Amino acid sequence: GSGRQRSLDSVSARSLHSRAQRMGMVLPQRPGGISSQYVAGVGTGGRDRWPERCRGMMGLHPCHVKEGWESELEAIEAALNAPMTGSPWVAVGEIGLDLHWDTSTLDIQREALRIQLGWAKQRGLPVVIHVRKAFEELFDVLDAEMDERLTGVVHCFTGNKASLKS
């Protein structure tokens, strides 16, 4: 109902203002209500509060790939290796490339993306990709890493029809 939608809107609004969050959740199909959704940047609160309905995705957002990123990836990999009981990870994300705010981190964003794509393929998980102002760079990485194990969706697509076709 409308209360459920207000709750989802509230979660989404809070997540937009929480740059430190690296986790998302999935809201599975519910009778008479919400269809499956990936909601990025929510934190662990949803999984803790609604473990029967929320599933996590874990990844280092490209805007957070800066000094100390290697230790952040170590923590994320440890979390991927130890999911909550009864609440397995369902994706690696948001991961990708973002050159909107800072172009100086492109090389380390690429490296972080390659590492996380490898984790997804090893675990048989889809990826949730964030890309902004870095389409050619993203496609170069994906072309190099692509095989039958790599699946996922693109989130935050700000390209045009030509970018989509490539």
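Computed from a predicted model, the values in this text were never measured in an experiment.
Taking the salt bridge (charged side-chain N to carboxylate O under 4.0 Å, His left out) definition, one finds that Arg123 meets it with nothing, sequence neighbours left out. Under the side chain to side chain donor-acceptor pair (under 3.5 Å) criterion, Asp102 pairs with Ser104, not counting sequence neighbours. Residues that satisfy the side chain to side chain donor-acceptor pair (under 3.5 Å) test with Gln122, not counting sequence neighbours, are absent from this structure. Listed by chain and number, the residues in a side-chain contact (heavy atoms from CB on, under 4.5 Å) with Ile108 are Val65, Trp69, Thr105 (sequence neighbours excluded). Residues satisfying the side-chain contact (heavy atoms from CB on, under 4.5 Å) criterion with Ala79, sequence neighbours excluded, are Met58, Trp89. Residues passing the salt bridge (charged side-chain N to carboxylate O under 4.0 Å, His left out) test with Asp147, sequence neighbours excluded: Lys121, Arg149.
Residues Gly152 and Pro126 share a closest heavy-atom pair of CA-CB, 4.0 Å. Here the closest non-hydrogen pair linking Ala120 and Val127 is CB-CG1, 3.4 Å. Residues Pro62 and Gly96 share a closest heavy-atom pair of CB-O, 3.3 Å. Contact detail for His130 and Asp98: the closest heavy-atom pair is NE2-OD2, 2.6 Å. Between Gln109 and Leu97, the shortest heavy-atom distance links the atoms OE1-CA, 3.2 Å.
Under a 3.5 Å cut-off, the side chain of Glu145 and the backbone N or O of Val141 do not form any donor-acceptor pair.
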Next item on the list: Quick one: do Cys63 and Arg132 satisfy side chain to side chain contact (heavy atoms under 4.5 Å, CB included)? Show the steps, please.
Entry: CA-CA 10 Å; Cys63 290; Arg132 206 163 32 162; 4.1 Å; yes
Margin query: Let's go through Leu138 and Ile129 carefully: what are the C-alpha distance in whole Å and the side-chain angles of both, what is the deciding distance for side chain to side chain contact (heavy atoms under 4.5 Å, CB included) to 0.1 Å, and is it a yes or a no?
Written below: CA-CA 9 Å; Leu138 174 70; Ile129 295 179; 3.9 Å; yes
Notebook entry, point to check: What's the verdict on side chain to side chain contact (heavy atoms under 4.5 Å, CB included) for Leu106 and Glu137, showing C-alpha distance, side-chain angles and the deciding distance?
Noted result: CA-CA 9 Å; Leu106 176 59; Glu137 296 85 352; 4.0 Å; yes
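Counting heavy atoms from C-beta on, the side chains of His61 and Ile95 never come closer than 4.5 Å. Looking only at side-chain heavy atoms (C-beta outward), Val92 and Met57 stay at 4.5 Å or farther from each other.
Here the straight-line distance linking atom CG of Leu117 with atom CZ of Arg110 works out to 13.5 Å at 0.5 Å rounding. Here the straight-line distance linking atom CD of Glu111 with atom CD1 of Ile115 works out to 5.0 Å at 0.5 Å rounding. Between the CG atom in Leu142 and the CG atom in Leu113 there is a gap of 6.5 Å [rounded to 0.5 Å]. How far CG of Leu60 is from CD1 of Ile76: 4.5 Å, rounded to the nearest 0.5 Å.
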